[in-house]
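Read the structure below first, then the notes.
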Amino acid sequence: DIISFFSDPFSAARLFLWGTMSKVQAYVYDITQGMARQMSMPLVGKQIDIIPHTGIVVFGKEYFFGSGPCIGTPGASIPVPTSQILDLGETNKTCDELEAYINSSLAAEHSAENYNLLSHNCNHYADAVAKFLLDGQGLPSSIVNLAEEALSTPQGQSLRVMIEGMERSMRQNMGGGSGLNPFGNVGDNSAAPMSTAALTSGTATRQEAAATVDPELEAAIRDIASAPLDTKRVALQTLIKITENVVKNPAEAKFRRIKMSNAIFANKIEKCSGGVDAMVAAGWLPDVTPEGEDAWVLSEENAQRQAVVKQHFAQELAKLPAPAPTVPQATPQPVAAPTLPGGFPGGFPGGFPGGLPGGMNPQMMQQAQQMLQSNPQLMAQAQQMMQNPQAMAQMQQMMQNPQAMAQMQ
């Protein structure tokens, strides 16, 4: 109307030039498929109806976080049916503007390495997309802040400690990435990762495009891939750490300078085939410091593209098998991991707030059991939670119900 025109003439002009505004919706999925409603009260002492995963649907696409920022078909991006669809409003932004913003800003902030089950998950990414489209209006707080709400009880606080401990342990074993992202493998087939989709539609910046198709970087990573398993794992983890420091602190010169005499560089990167070539391809060049020492130096311009470089290193590291658990030379008398009804040692039925689906895959279950055995404090908290007769009875009933168990698959 005329009031809107004079209060925001720029948006009115866009509406005149490009036609009707685009509808913005939130597709909300219950990743526990009903189990949260049944099990939340005995587990955390509070009724939680769903554990949400959220995607933003606009321009005929669904924007969501999987293995990273992804684009998929609305309602079919993840292997879970939608639980509810929320109308958030209408936007005057264009598809190109949104995807350029994701690549230039959100992709660095929301990456597989930055994922946190409780505080920086798929719902926080969807909230950021919505706020860009709707000029600051995001998702309902009941979705974004669900983990804080669900874990605010005494039982929930105990569960929080266990979740955070598991995530730290898995992150160490995965070179910095989180093992608790329920859709961390989505993006290879059913949905396109944002970087690939943006390049296809021509919305990535020149620097990102150059980094994505850089043949020197790709050749260096291929050389690293030919190295022995442990050697390339250490090299990639070190390269990720170096680039992550630059991404977080691009203006600080100390993170853009590495002495060639640095023992960590020499032992972990220089000794790996392709390691030095990867540094050069990422933009690091040999130079001399003001103190007269030989060093690798990264320019401020090249520092701006390290988020994409880091993504390449992380993708290569993700291809490697999980490292074998370290067996101590001498161990005290082992303490049996708490066993739930139905034979799930160290397992946690139901679902965890913020994005962990019901049940764990065998690798995650094994890591959880090892963590509990090595941490008496977590073990005690787990055992305390499992001494709740009401909770155990409901878990037993659930696990003896084939239909309920089928829903968790």
Side-chain angles (χ1 to χ4, degrees), residues 28-29 31-32 51-56 62-72 77-80 102-103 105-131 138-139 143-148 150-151 159-160 162-188 190-195 236-237 240-241 243-245 247-248 306-320 322 348 351-358 360-361 363-364 367-368 371:
V28 184
Y29 306 80
I31 61 178
T32 71
I51 305 298
H53 164 90
T54 312
I56 300 300
E62 182 169 353
Y63 296 85
F64 68 100
F65 190 88
S67 57
C70 293
I71 300 176
S77 298
I78 62 172
V80 176
I102 291 174
N103 278 279
S105 299
L106 296 187
E109 180 182 355
H110 296 268
S111 64
E113 295 73 34
N114 292 340
Y115 180 92
N116 183 282
L117 179 66
L118 301 179
S119 61
H120 199 64
N121 54 47
C122 57
N123 299 312
H124 295 89
Y125 174 76
D127 183 58
V129 173
K131 286 181 176 178
L139 294 175
I143 293 177
V144 181
N145 300 323
L146 176 67
E148 295 297 323
L151 301 180
L159 186 57
R160 175 190 289 276
M162 296 180 64
I163 294 173
E164 291 175 344
M166 289 177 60
E167 186 151 39
R168 282 194 301 271
S169 176
M170 292 181 181
R171 197 178 293 278
Q172 291 174 357
N173 292 332
M174 297 178 65
S178 172
L180 299 185
N181 181 355
F183 303 115
N185 62 341
V186 174
D188 298 330
S190 61
M194 259 307 306
S195 56
L236 288 168
Q237 289 173 340
I240 289 172
K241 184 61 178 177
T243 53
E244 184 176 44
N245 286 337
V247 169
K248 293 181 178 179
Q306 292 307 297
V308 178
V309 173
K310 176 188 168 186
Q311 185 177 19
H312 281 280
F313 293 148
Q315 288 173 347
E316 189 65 29
L317 180 64
K319 298 177 183 178
L320 305 184
F348 303 95
F352 286 160
L356 182 63
M360 292 184 180
N361 62 42
Q363 181 182 356
M364 290 174 62
Q367 290 175 334
M371 184 196 68

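The figures here come from the full heavy-atom set of this structure, side chains too, leaving out hydrogens, waters and symmetry mates.
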So, for [X] and [Y], which heavy atoms are closest and what is the spacing to 0.1 Å?
X: S77; Y: E62; result: OG-OE1, 3.4 Å
X: A126; Y: L139; result: CB-CD1, 3.9 Å
X: Y115; Y: N121; result: CE1-CA, 3.5 Å
X: L106; Y: A128; result: CD2-CB, 3.9 Å
X: P52; Y: C122; result: O-SG, 4.3 Å
X: G66; Y: N181; result: O-ND2, 2.9 Å

Taking only residues two or more places apart in sequence, or in another chain, which ones meet E148 in a side chain to side chain donor-acceptor pair (under 3.5 Å)?
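Side chain to side chain donor-acceptor pair (under 3.5 Å) list for E148, sorted by chain: R160.
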Is there a side-chain contact between [X] and [Y] in this structure, where contact means two heavy atoms from C-beta onward sitting under 4.5 Å apart?
X: N114; Y: E244; value: yes
X: I56; Y: F64; value: no
X: H312; Y: V309; value: no
X: F65; Y: P69; value: yes

Assess the side chains of H124 and D127: does a donor N or O sit below 3.5 Å from an acceptor N or O?
no
Working to the nearest 0.5 Å, report the span between [atom1] of [X] and [atom2] of [Y].
X: L118; Y: I163; atom1: CG; atom2: CD1; answer: 5.0 Å
X: K248; Y: T243; atom1: NZ; atom2: OG1; answer: 10.5 Å
X: N116; Y: E164; atom1: CG; atom2: CD; answer: 7.5 Å

side-chain contact (heavy atoms from CB on, under 4.5 Å) with N123: which of V28, T54, I51?
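So the option named by the test is T54.
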Could you go step by step and tell me if V80 and H53 meet the side chain to side chain contact (heavy atoms under 4.5 Å, CB included) rule?
CA-CA 9 Å; V80 176; H53 164 90; over 6 Å; no
Would a distance-only check, ignoring hydrogens and angles, find a side-chain to backbone donor-acceptor pair under 3.5 Å from S105 to I102?
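Not a single qualifying donor-acceptor pair exists.
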Main chain of E109, side chain of H120: is a donor-acceptor contact present, judged purely on distance under 3.5 Å?
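Checking the backbone N and O of E109 against the side chain of H120, a donor-acceptor pair under 3.5 Å is found.
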Residues forming a salt bridge (Lys or Arg N to Asp or Glu O under 4.0 Å) with K241, sequence neighbours excluded:
none
